[in-house]
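In this chain, numbering begins with 1 at the start of the sequence shown. In this text the structure is predicted, and so the values were computed from the model without any measurement. Only this structure's heavy atoms are used, side chains among them; waters, hydrogens and symmetry mates stay out.
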Amino acid sequence: SSPVAIASGASTANFTFQPVSQGTATINASATGFVAAQLTATVVTQSQPLLFTGGDAVIGQYLASPYQISVPGVAGPGGVQVHVSSDSSSVQLSATATGQGATSLTVTIPQGSQSAAFYVQGLANSGGANVSASANGFATASGAVQLASTAMVLYPPGIGGNAGQT
């Protein structure tokens, strides 16, 4: 029970409700000479989201794209351990661009930072995968990665001139 005082001449008072867990809470208000009131509050857990930033939505075969996983604020003491996974062996994850890939990887967002980097590697020339990230206390993030053939584009597209002339 926490008393709330309504100032002389006022008809309302503000208070802060601080739930400690998910569920239903009943808030009662009563005062001598007034009709009692009751309010039922439903408390739901609202997790902060993990966010993918950077990275290519389409990755060529045998190429890697740098991604970052971010939290909305800064990571607290001990940082945030994030489990990143791919649902296809054709799309693998690595801590470095040239490192051995795997379908799952754990990255750490260091204390005081907002993000950590990793690489998504394409091992096929077609298809795709869903890449997802999860961490305790955060909502899961996911994104689609498509695979394509590796290609080279030359620029300029054409060079003019006559053969044999200097």
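- One finds the CG atom of L93 at 8.0 Å from the CD atom of Q121 (value rounded to the nearest 0.5 Å).
- In the hydrophobic cluster analysis, where Ile, Leu, Val, Met, Phe, Trp and Tyr join through side-chain heavy atoms closer than 4.5 angstrom, L123 is grouped apart from L63.
- For the 3.5 Å distance criterion, the side chains of T108 and Q81 qualify, holding a donor opposite an acceptor.
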Please step through side-chain contact (heavy atoms from CB on, under 4.5 Å) for the pair V107 and V84, ending with a clear verdict.
CA-CA 8 Å; V107 296; V84 186; 4.2 Å; yes
Mind running side-chain contact (heavy atoms from CB on, under 4.5 Å) on V145 and Y67 for me, showing each step along the way?
CA-CA 11 Å; V145 174; Y67 275 69; 3.6 Å; yes
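- In terms of modelled atom types and a separation under 3.5 Å, the side chain of S65 and the main chain of D56 share a donor-acceptor contact.
- We find the CG-OG distance between N28 and S30 to be 7.5 Å, quoted to the nearest 0.5 Å.
- Across all their heavy atoms, L50 and A133 have their closest contact at CD1-O, 3.6 Å.
- Rounded to the nearest 0.5 Å, atoms OG (S149) and CD (Q61) are 7.0 Å apart.
- For Q38, the CD atom is densely surrounded, since the number of other residues' heavy atoms within 6.0 Å is greater than 12.
- The two atoms that bring V58 and A148 nearest to each other are CG1-CB, 3.7 Å, heavy atoms only.
- Between P72 and F138, the closest heavy-atom pair is CD-CE2, 4.4 Å.
- Judged by distance alone, with hydrogens and angles left aside, the side-chain atoms of S86 form a donor-acceptor pair with the main-chain N or O of S88 at under 3.5 Å.
- A pairwise comparison of heavy atoms in L105 and A95 identifies CD2-N, 4.0 Å as the closest pair.
- V80 and V74 fall into different hydrophobic clusters, defined by Ile, Leu, Val, Met, Phe, Trp and Tyr side-chain heavy atoms under 4.5 Å apart, directly or through other members.
- Taking CG of L147 as the start and OG of S90 as the end, the distance is 6.0 Å to the nearest 0.5 Å.
- The environment of CG in N136 is sparse: at most 12 heavy-atom neighbours from other residues, nucleotides or ligands sit within 6.0 Å.
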Checking I69 against F118 for the side-chain contact (heavy atoms from CB on, under 4.5 Å) test, could you report, in this order, the C-alpha distance in whole Å, the side-chain angles of both residues, the deciding distance, and whether it holds?
CA-CA 8 Å; I69 189 72; F118 66 98; 4.2 Å; yes
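- In the hydrophobic clustering of ILVMFWY residues, with side-chain heavy atoms under 4.5 Å counting as a link, L39 and V35 come out apart.
- What you find for I109 and S115 is that their closest heavy atoms are CG2-N, 3.6 Å.
- Residues F52 and V91 share a hydrophobic cluster, clusters being chains of Ile/Leu/Val/Met/Phe/Trp/Tyr side chains in contact below 4.5 Å.
- The shortest side-chain heavy-atom distance between V71 and L51 does not fall under the 4.5 Å cut-off.
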Take Q100 and S94 through the side-chain contact (heavy atoms from CB on, under 4.5 Å) test and state the conclusion after the steps.
CA-CA 6 Å; Q100 178 67 40; S94 177; over 6 Å; no
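- A pairwise comparison of heavy atoms in S134 and T140 identifies CB-OG1, 3.9 Å as the closest pair.
- For the atom pair CG (D87) and OG1 (T103), the distance works out to 9.5 Å, reported to the nearest 0.5 Å.
- Side-chain N or O atoms of Y119 include none that pairs as donor or acceptor with a backbone N or O of G101 at under 3.5 Å.
- Of the possible polar contacts, none joining the Q114 side chain to the S70 backbone as a donor-acceptor pair under 3.5 Å is found.
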